[in-house]
Every structure is written in C-alpha cells, then in structure tokens.
Amino acid sequence: MPSDAPAPAVWRITLPHSAAAVPIARALIRTVLASIDPDSGAPADSDTAELLTAELVANAVEHTPGDEPVELVVELLPTGCQVEVHDGDPAPPGDLSRPDPDAMPDPWQEHGRGLLLIRTLSSSCGHRTTARGKAVWFTLPSPARPAL
C-alpha cells in the first residue's frame with residue numbers, strides 16, 4: 001500500500017579528497033538549509049550544521065588514505081536533518097557515542113576536538129559501514145514549535 005507521506009528531500013554531492021572539500025561542503029549545507037521552509041522541519045541553527053559538516057568532511061579528507069572523493073549527503077527528516085559523509089575507509093572514525101574521559105582533547109592542540117564537537121552539538125551521531133567504506137553521520141533537530 002503506497003504511503004501518502006512525501007519522500008524526504010535528499011541532497012548528494014561528491015567532493016574532492018582535498019582541503020577544497022570543506023568550503024564546498026559548508027556552502028552546500030548553508031544553501032540547502034537556507035532554501036528550506038522553516039515549517040518543514042529544518043534545523044534551527046545552520047551555523048551548527050555548517051560547523052559539524054565541516055568537521056566530518058575535514059576528518060574524512062585527513063584520516064582516509066588515497067585520493068578517492070568523499071560524498072556528502074544531506075537528508076531532511078520530519079524531525080530535523082541528517083548529514084552523512086561517506087569515505088572509502090571502513091575503519092571507524094573514533095568513539096562517537098561514549099568518549100573515554102581520559103582521552104579528552106588537549107585544548108592547546110590544533111587538532112582533536114572534531115568528534116567532541118559532533119557528540120556535543122548534535123542530537124545524535126554515529127557511523128556505519130557501507131559497501132565502499134563507511135558513513136559518519138549526525139542529526140540536528142528541527143526547532144521546537146510553540147503549542148497552539
């Protein structure tokens with residue numbers, strides 16, 4: 001039986017395996033979220049979406065070997081949006097769910113805070129294996145709507 005519910009909107013883009021991927025990804029997420037009707041479930045804070053997207057893309061480029069492109073997928077959900085970054089390395093990105101309290105990033109170092117930001121600022125996050133490697137994802141909720 002077909003559902004009357006519309007299919008979620010999905011945007012996909014293949015990004016180069018280089019530092020140039022980060023500003024492209026930021027521009028895409030900013031454009032997508034700016035074009036969405038606020039009543040459709042888009043997340044309230046596009047700055048957070050941009051930051052977390054940039055972190056995922058930068059991690060994929062920096063920590064995966066080779067020069068295969070990465071893919072950015074943005075899916076609008078009824079409750080917000082989910083952002084995924086696909087890369088060719090099946091190794092997990094680190095612990096996105098339960099950080100080791102002894103492994104907190106050094107605030108004086110330039111690197112090491114990306115996963116902490118993703119865990120802290122998203123409503124949920126994780127990773128899964130794919131046929132070509134892995135997808136690392138986060139979700140952001142839509143803004144709370146006042147009760148009528």
field: Verdict with reasoning, L76 to W11, per side chain to side chain contact (heavy atoms under 4.5 Å, CB included)
entry: CA-CA 9 Å; L76 184 61; W11 293 264; 4.2 Å; yes
- prompt: Judged by atom type as modelled, is there a donor-acceptor pair below 3.5 Å linking the side chain of K134 to the main-chain atoms of H127?
  reply: no
- prompt: Below 4.5 Å, heavy atoms only, C-beta onward: do P16 and I24 meet side chain to side chain?
  reply: yes
message: If I compare all heavy atoms of A21 with all of L15, which pair ends up nearest, and what's the gap?
response: CB-CB, 3.8 Å
- line: Residues L140 and S122: closest non-hydrogen pair is CD2-CA, 3.9 Å
Set of side-chain contact (heavy atoms from CB on, under 4.5 Å) partners for [X], sequence neighbours left out:
{"X": "A60", "answer": "V70, V85, D87"}
{"X": "D67", "answer": "none"}
{"X": "L121", "answer": "T48, L51, L52, L117"}

[atom1] of [X] to [atom2] of [Y]: how many Å apart, nearest 0.5 Å?
{"X": "C81", "Y": "L33", "atom1": "SG", "atom2": "CG", "value": "5.5 Å"}
{"X": "I29", "Y": "E50", "atom1": "CD1", "atom2": "CD", "value": "8.0 Å"}
{"X": "L72", "Y": "R26", "atom1": "CG", "atom2": "CZ", "value": "12.5 Å"}
{"X": "R119", "Y": "F138", "atom1": "CZ", "atom2": "CZ", "value": "14.5 Å"}

side-chain hydrogen bond (donor to acceptor under 3.5 Å, both in side chains) partners of [X], counting only residues at least two apart:
{"X": "Q82", "value": "E84"}
{"X": "T139", "value": "S123, S124"}
{"X": "T129", "value": "none"}

query: Do H86 and T130 have side-chain atoms, one donor and one acceptor, less than 3.5 Å apart?
result: no
field: Residue among I118, L56, L115 satisfying side-chain contact (heavy atoms from CB on, under 4.5 Å) with C125
entry: I118
Stepwise side chain to side chain contact (heavy atoms under 4.5 Å, CB included) test for N59 and V136: CA-CA 10 Å; N59 281 350; V136 183; over 6 Å; no
message: Is it the case that atom CZ in R132 sees more than 12 heavy atoms from other parts of the structure closer than 6.0 Å?
response: no
